[in-house]
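Both counts, for ligands and for their atoms, begin at 1 and track the order of listing.
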Amino acid sequence: MAPFHSLEVLFAACELGVFDLLAEAPEPLGSAAVAARLGASARGTQLLLDACVSLKLLEAETRGGQALYENTELASTYLARSSPKSQHHMLLYLGRTTYLCWGHLAQAVREGKNQYLKAFGVPSEELFTAIYRSEGERLQFMRGLQAVWSVHGRRVMAAFDLSPFPVVCDLGGCAGALAKECVSLYPACHVTIFDIPEVVRTARKHFLFGEEEPISFREGDFFRDPLPEADLYILARVLHDWADDKCAQLLARIGHVCKPGGGVLVIESLLDADGRGPLTTQLYSLNMLTQTEGQERTPAQYCALLASAGFPDVQCKRTGGPYDAILARK
Ligand SMILES: C[S@@+](CC[C@H](N)C(=O)[O-])C[C@H]1O[C@@H](n2cnc3c(N)ncnc32)[C@H](O)[C@@H]1O
């Protein structure tokens, strides 16, 4: 297990741009050069770089009595912003937001609710008003979510053959990472991303969508507004935000508009049947406690929610990655 405070080292190095600087530098750099280019203190930089070496995020080689630092392969692939698989934005979100909510885990357990009020002084009655409490926070959240699908998106979208569903609606589809994955796997399909208006506006402004991509946006509230007609509704990391009654309400609305033969693709991290693992999913579930109104669930819990909404034919597939796929047909 990584020692206490290792995560802060990772967050600080991301925040300061250590991995970006070293990815762009044509050769390994000494700590004085890194400090000068980052506008940081010489002493602090030296300590941080050496801690990163012990965490295997950086490599150091001593030449002429001076240590020169470069990214490890892991840092080049997952931490440098320029990498297509970069988790830079997710790590910034984790460091600036998630970590602060986790600082109140005991209180979250006592109260059984998220900790935006304690961590940020923001009332949490309207969940996504608290999550999107500023434009910067909304953009950071969206970029972070998008980053995760750059690594795991293909695996979840390829878990089932979705070719029988040419018209797809990604409910809570955010900045469109899974929609892009879907049209790249199934070029004949069209995806409508349905999300709340400020998210759609931010997605259009900050995330690239090619003119030729068969992807469109629709603004709305999935608990209140009419849902687009589609053969398949995607709910990726949406149900885990909500308590059972809200999940049942949303699924019933989908069940109402979905035609026989249509389906719902739920993408979530599945708990074991007894809820005692996998550890990653249990930690996601505690994360949902500190940051949302929901939790992760077992296959049986998803099957029950889906069956009650008119989707009795449910298949669950573990992907081997952190997120799994559940396909339910009407
Ligand atoms: C945890 S995020 C998941 C985003 C995306 N599906 C993914 O996996 O990266 C939940 C998404 O649901 C959207 N959302 C929340 N409440 C909504 C509502 N009432 N109507 C429409 N979208 C909503 C959020 O804006 C956000 O994009």
Got an N/O contact under 3.5 Å between [X] and ligand 1?
| X | result |
| --- | --- |
| Trp149 | yes |
| Phe194 | no |
| Asp170 | no |
| Phe128 | no |

Of the protein's non-hydrogen atoms, which lies at the shortest distance from [atom], and what is that distance?
| atom | result |
| --- | --- |
| atom 2 (S) of ligand 1 | Leu145 CD1, 3.6 Å |
| atom 1 (C) of ligand 1 | Arg237 O, 3.1 Å |
| atom 27 (O) of ligand 1 | Asp195 OD2, 2.7 Å |
| atom 21 (C) of ligand 1 | Phe222 CD2, 3.2 Å |
| atom 11 (C) of ligand 1 | Gly172 O, 3.5 Å |
| atom 24 (C) of ligand 1 | Tyr132 OH, 3.2 Å |
| atom 19 (N) of ligand 1 | Asp221 OD1, 2.9 Å |

Without hydrogens or angle criteria, can the side chains of [X] and [Y] be said to hold a donor-acceptor pair below 3.5 Å?
| X | Y | value |
| --- | --- | --- |
| Thr98 | Gln291 | yes |
| Ser31 | Gln46 | yes |
| Thr192 | Arg218 | no |

If you count the atoms of ligand 1 from 1 in the order shown, which ones are under 4.0 Å from a heavy atom of [X]?
| X | result |
| --- | --- |
| Val199 | 25 (O) |
| Cys174 | 4 (C), 5 (C), 27 (O) |
| Ala236 | 3 (C), 5 (C), 6 (N), 7 (C), 8 (O) |
| Phe223 | 19 (N) |

For Lys317, I'd like to know if atom NZ has over 12 heavy atoms of other residues, nucleotides or ligands within 6.0 Å. yes
For Gly220 and ligand 1, answer yes if some heavy atom of the residue is under 4.0 Å from a ligand atom, otherwise no. yes
Answer side chain, backbone, both or neither: which part of Asp241 comes under 4.0 Å from ligand 1, heavy atoms only. side chain
Membership question, hydrophobic clusters at under 4.5 Å side-chain separation (ILVMFWY): are Met288 and Leu239 in the same one? no
Treating Ile, Leu, Val, Met, Phe, Trp and Tyr as nodes and any side-chain heavy-atom pair under 4.5 angstrom as an edge, say whether Leu16 and Leu21 lie in one connected cluster. yes
Is the side chain of Glu268 donor-acceptor paired with the backbone N or O of Val238 at a distance under 3.5 Å, no angle test? yes
Identify whether the distance between the nearest side-chain nitrogen and carboxylate oxygen of [X] and [Y] falls below 4.0 Å.
| X | Y | answer |
| --- | --- | --- |
| Arg96 | Glu137 | no |
| Lys246 | Asp241 | no |
| Glu229 | Lys259 | yes |

Would you mind listing every ring pair (Phe, Tyr, Trp, His ring centres under 6.0 Å) that reaches into residues 159-208, with sequence neighbours excluded? none
